[in-house]
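For reference, the structure discussed in these notes is given below.
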Amino acid sequence: MVRVRFAPSPTGYLHVGGARTALYNYLFAKHHGGQFILRVEDTDLERSTDESMRMQIEDLKWLGINWDEGPHPETHADMGPYGPYRQSRRKEIYMQYAERLVESGRAYFDFRGDAELEAIKERLMKEGKPPQIEAPAEIVPPAEARARIARGEQAAIRYRVTEKRDYVLNDLVRGEVRFPSDMVGDFVCIRSNGMPVYNFCCVIDDALMKITHVLRAEEHLSNTLRQMMLYEAFDFPIPKFGHLSFILGPDKQKLSKRHGATSCHDFNLKGYLPEALNNFILLSGWSSPDGREILSREEQIKLFTHERFNPAPAVFDETKLLWMNSMYLRALPHDELWTRIEPFLKEAKIEIPQSKDPVWRDQALGAFKTSMQTLADAPKLFETVADSLFSVKPEAVEVKGWAETKKVWETWLQLLEAHPSEKVSEAEFGALQDKVKDLCGVKGKTLFQPIRVAVIGQPQGTELKILVPLLTKTSLINRVKTCLKEL
RNA sequence: GUCCCCAUCGUCUAGCGGCCUAGGACACUACCCUUUCACGGUAGAUACACCGGUUCAAAUCCGGUUGGGGACGCCA
């Protein structure tokens with residue numbers, strides 16, 4: 001049984017890099033009919049917050065990445081047989097395992113403080129040696145150490161690296177990677193404040209939670225050596241590792257806030273569809289066997305195998321994301337599309353009474369959706385059919401200056417007033433337009449542009465024969481009157 | 001500094017020794033469609049970082065160089 005996990009530390013919104021790690025783990029689990037576990041790595045008391053955990057859970061839900069075990073998506077209560085799933089609540093477990101290490105002599109209590117350790121490192125550097133901490137000449141025996149701690153002293157528990165040899169990792173993404181054991185010094189497992197450290201809880205939890213495959217970011221590659229040492233010390237089975245390459249900004253530096261939007265939440269706000277963001281991040285670091293790029297969740301699960309990981313880092317290209325988003329936007333059924341657009345219209349304070357009519361909505365969406373790349377593009381498109389917002393835009397200044405314009409507008413107004421119905425169909429509009437042409441003796445640009453301005457207040461936009469049926473006769477009359485007042 | 005990872009069009013990538021005068025996608029350019037914008041269609045330009053080896057044959061394998069990134073925390 002394949003069991004994988006995503007283990008974010010709750011320090012803000014979910015970053016796209018984290019989202020990709022989550023997605024890959026999720027797809028990998030589902031591809032193999034396995035389980036996907038969410039574990040919260042909140043051992044850094046300084047930076048971790050409950051609020052951040054909530055935000056990350058919301059982002060994961062938004063992306064449609066569901067976990068089988070971990071904090072419940074709504075209540076956040078533990079869900080699954082291997083809890084707790086928040087590391088801050090597993091302190092006793094870690095301590096128990098650390099004690100085992102101490103008992104067997106593979107770890108020791110270290111009473112040295114920051115200043116002393118700093119001095120040791122400095123001395124080693126001066127001697128041209130790597131700044132790696134080793135055990136003090138005299139290790140405090142466990143019993144004595146515990147007594148001192150009971151009296152209020154503080155000590156960390158440090159793993160003692162004794163064996164000198166190469167550790168070989170067979171990475172799912174990178175193949176064989178060799179680490180010499182002297183790459184690391186004795187490392188801390190439990191901080192002197194009693195909190196365990198990442199490398200330690202990670203191993204204990206992955207083992208206890210029966211994790212079989214660890215897909216995580218490349219920055220953890222060198223951590224793997226320490227973790228392998230711990231796996232061996234506890235005689236735990238070692239999972240398969242896969243170290244994913246980074247997602248970079250356009251300057252090839254690790255993607256960060258200064259590159260603009262980097263969290264899923266940012267992209268949500270910018271009007272991206274979760275399906276599109278999902279599909280996009282899927283493709284930075286992995287490729288489908290047949291080269292197809294737009295893949296449904298089902299196809300993603302079916303095709304997702306580790307052989308197709310790319311070990312090279314990928315630059316995040318928002319332009320392509322934009323394209324992908326427009327593809328997903330268009331593929332969405334209209335009522336679904338509408339529910340996603342509505343919040344953006346509301347935000348922009350655009351009110352369209354006609355939009356209560358599903359037939360109208362269907363027509364309008366059909367007219368506008370090919371012009372949208374993100375949901376945030378909707379307001380400026382729908383604005384043109386919102387009566388309360390009609391005005392003659394600055395772009396229309398040239399058209400206003402034309403000699404023919406006044407005549408065209410007046411004729412257009414007369415014809416509209418004579419129109420028998422509130423509705424103006426596409427065919428009727430065509431006839432009306434032809435009549436204006438005949439009556440004014442104006443054609444081409446000088447005919448069409450003034451009419452367009454009379455309809456939407458600007459000389460550029462969607463085809464008039466599609467736009468006009470979205471408006472009423474009354475509305476069209478009011479609009480052209482507003483235009484005439486401007487002359 | 002030491003160790004580790006990485007290197008194909010501007011970007012995401014295909015390629016796992018001959019099928020490569022290197023394929024696809026986004027972006028770009030031109031043309032077509034079109035009263036405008038967008039959509040759509042067609043065509044085009046653009047890449048194997050460098051130097052050595054191995055081989056009949058190298059984008060592909062091996063060294064090195066360069067460049068980029070990461071780790072060296074009582075951060076994760």
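Per chain, numbering begins at 1; letters A, B, ... match sequence-line order. Side chains are part of it too, since the values below use all heavy atoms of this structure and drop only hydrogens, waters and symmetry mates.
- Taking atom C1' in both B/G10 and B/A27, the straight-line distance is 8 Å, to the nearest Å.
- With hydrogens and angles ignored, the 3.5 Å screen pairs a side-chain donor or acceptor of A/Trp286 with a backbone N or O of A/Thr305.
- Two residues, A/Phe246 and A/Thr370, neighbour RNA chain B, and the one matched to the more 5' nucleotide by heavy-atom proximity is A/Thr370.
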Determine whether A/Phe187 and A/Phe200 satisfy the following criterion, ring-ring contact (aromatic ring centres under 6.0 Å, His included), listing intermediate values before the conclusion.
CA-CA 10 Å; A/Phe187 55 90; A/Phe200 191 71; 8.6 Å; no

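- Distance noted for atom C1' between B/C39 and B/G24: 22 Å (whole Å).
- By the 4.5 Å heavy-atom criterion applied to side chains, A/Phe448 and A/Leu464 are not counted as neighbours.
- In this structure, the nucleotide among B/C4, B/G68, B/A76 sitting nearest to the side chain of A/Leu221 is B/C4.
- A sub-4.0 Å separation between OP1 or OP2 of B/G73 and a side-chain N or O of A/Arg158 is absent.
- Side-chain contact between A/Glu134 and A/Ile120 is absent, with no heavy atoms from C-beta onward closer than 4.5 Å.
- The backbone N or O of A/Leu215 lies less than 3.5 Å from no partner atom in the side chain of A/His306, so there is not a single donor-acceptor pair.
- The closest side-chain heavy-atom distance from A/Leu439 to A/Leu415 is below 4.5 Å.
- Applying the 4.0 Å criterion to OP1 and OP2 of B/C12, one finds that A/Arg308 has every side-chain N and O outside that range.
- Position along RNA chain B of the nearest nucleotide to A/Phe111 versus A/Ser222 favours A/Ser222 as the more 5'-ward residue.
- Nucleotides B/C28 and B/U65, compared at atom C1', are 34 Å apart to the nearest Å.
- OP1 or OP2 of B/A76 lies within a sub-4.0 Å distance of a side-chain N or O belonging to A/Arg191.
- As a whole-Å value, the separation of A/Asn279 CG from B/C12 P is 17 Å.
- Between B/C9 and B/G23, the distance separating the two P atoms is 14 Å to the nearest Å.
- Using a 4.0 Å heavy-atom distance criterion, A/Pro459 is classed as a base contact.
- The distance from atom CZ of A/Phe280 to atom C1' of B/C12 is 7 Å, rounded to the nearest whole Å.
- Nucleotides B/A25 and B/G15, compared at atom C1', are 16 Å apart to the nearest Å.
- Base pairing of B/U21 is not made with any nucleotide, judged by Watson-Crick or G-U wobble geometry with both donor-acceptor distances under 3.5 Å.
- Rounded to the nearest Å, the gap between the P atom of B/G68 and that of B/C32 is 46 Å.
- Within 4.0 Å (heavy atoms only), A/Arg292 reaches no atom of the nucleic acid at all.
- Heavy atoms of A/Gly461 sit under 4.0 angstrom from at least one base atom.
- The side chain of A/Thr43 places an N or O atom within less than 4.0 Å of a non-bridging phosphate oxygen (OP1 or OP2) of B/A76.
- Side-chain proximity of A/Leu117 to B/A38, B/U35, B/C74: nearest is B/C74.
- Residue A/Asn310 has its side chain nearest to B/A14 when only B/A14, B/U35, B/U11 are considered.
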Under 3.5 Å, N/O pairs linking protein and nucleotides 25-27 of chain B:
| from | atom 1 | to | atom 2 | distance (Å) |
| --- | --- | --- | --- | --- |
| B/A25 | O2' | A/Glu293 | OE1 | 2.4 |
| B/A25 | O2' | A/Lys320 | NZ | 3.3 |
| B/A25 | N3 | A/Lys320 | NZ | 3.1 |

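- The stretch residues 162-179 of chain A comes close to RNA chain B through A/Arg174, A/Val177, A/Arg178, each having a heavy atom under 4.0 Å from the strand.
- Contact annotation: A/Lys129 does not reach the phosphate of B/G1 (side-chain N/O to OP1 or OP2, under 4.0 Å).
- Comparing B/U13 with B/C6, their C1' atoms are spaced 16 Å from each other, to the whole Å.
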A/His220/A/Tyr198 under ring-ring contact (aromatic ring centres under 6.0 Å, His included): CA gap, chis, key distance, verdict:
CA-CA 11 Å; A/His220 294 296; A/Tyr198 167 76; 5.1 Å; yes

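- Note on A/Lys445: nothing from the nucleic acid sits closer than 4.0 angstrom, heavy atoms only.
- Across the strands present, B/A7 finds its partner in B/U66; the criterion is a Watson-Crick or G-U wobble pair with both atom distances under 3.5 angstrom.
- Looking at the side chain of A/Ser192, the nearest of the listed nucleotides B/C3, B/C74, B/A38 is B/C74.
- A 3.5 Å limit on both hydrogen-bonding distances identifies B/G1 as the Watson-Crick or G-U partner of B/C72.
- Within 6.0 Å of CD on A/Glu46 lie no more than 12 heavy atoms contributed by other residues, nucleotides or ligands.
- Using N1 to N3 plus N6-O4 or O6-N4 for Watson-Crick, or N1-O2 and O6-N3 for G-U wobble, each under 3.5 Å, B/A30 pairs with B/U42.
- Listed nucleotides B/C75, B/C72, B/A38 differ in distance to A/Asp44; the shortest reach to its side chain belongs to B/C75.
- Comparing B/C75, B/U35, B/G15 against the side chain of A/Gln433 picks out B/U35 as the nearest.
- Across all strands shown, B/C16 forms no Watson-Crick or G-U wobble pair with both distances under 3.5 Å.
- As the counterpart of B/U54, no nucleotide is assigned, since no Watson-Crick or G-U wobble pattern has both distances under 3.5 Å.
- Across B/G69, B/U35, B/C74, the shortest atom-to-atom separation from the side chain of A/Leu464 is found for B/U35.
- A distance-only check finds no donor-acceptor pair linking the side chain of A/Ser9 to the backbone of A/Glu41 [under 3.5 Å].
- No engagement by A/Gly185 is indicated, since no non-hydrogen atom pair under 4.0 Å with the nucleic acid exists.
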Please walk me through it: do A/Phe246 and A/Phe316 pass ring-ring contact (aromatic ring centres under 6.0 Å, His included)?
CA-CA 10 Å; A/Phe246 287 109; A/Phe316 189 90; over 10 Å; no

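- Among the heavy atoms of the strands, none lies under 4.0 Å from A/His243.
- Residues A/Lys369 and A/Met372 meet the side-chain proximity criterion, which asks for heavy atoms closer than 4.5 Å.
- Taking every side-chain heavy atom of A/Leu283 into account, B/C12 is the closest of B/U11, B/A14, B/C12.
- Between A/Trp67 and A/Phe6, the gap from one ring centroid to the other reaches at least 6.0 Å.
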Apply the test ring-ring contact (aromatic ring centres under 6.0 Å, His included) to residues A/Tyr328 and A/Tyr272: give CA-CA distance (whole Å), side-chain angles for both, the deciding distance (0.1 Å), then the verdict.
CA-CA 9 Å; A/Tyr328 272 91; A/Tyr272 286 94; over 10 Å; no

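- A straight line from CH2 of A/Trp402 to P of B/U35 spans 15 Å, rounded to a whole angstrom.
- Taking atom CG on A/Leu248 and atom P on B/C5, their separation rounds to 18 Å, with Å as the unit.
- Side-chain proximity of A/Lys121 to B/C74, B/A76, B/A7: nearest is B/C74.
- Only the P atoms considered, B/A59 is 10 Å distant from B/A49, to the nearest whole Å.
- When the shell of 6.0 Å around CZ of A/Arg89 is examined, it contains 12 or fewer heavy atoms from other residues, nucleotides or ligands.
- The phosphate of B/G69 (OP1 or OP2) has a side-chain N or O of A/Gln253 nearer than 4.0 angstrom.
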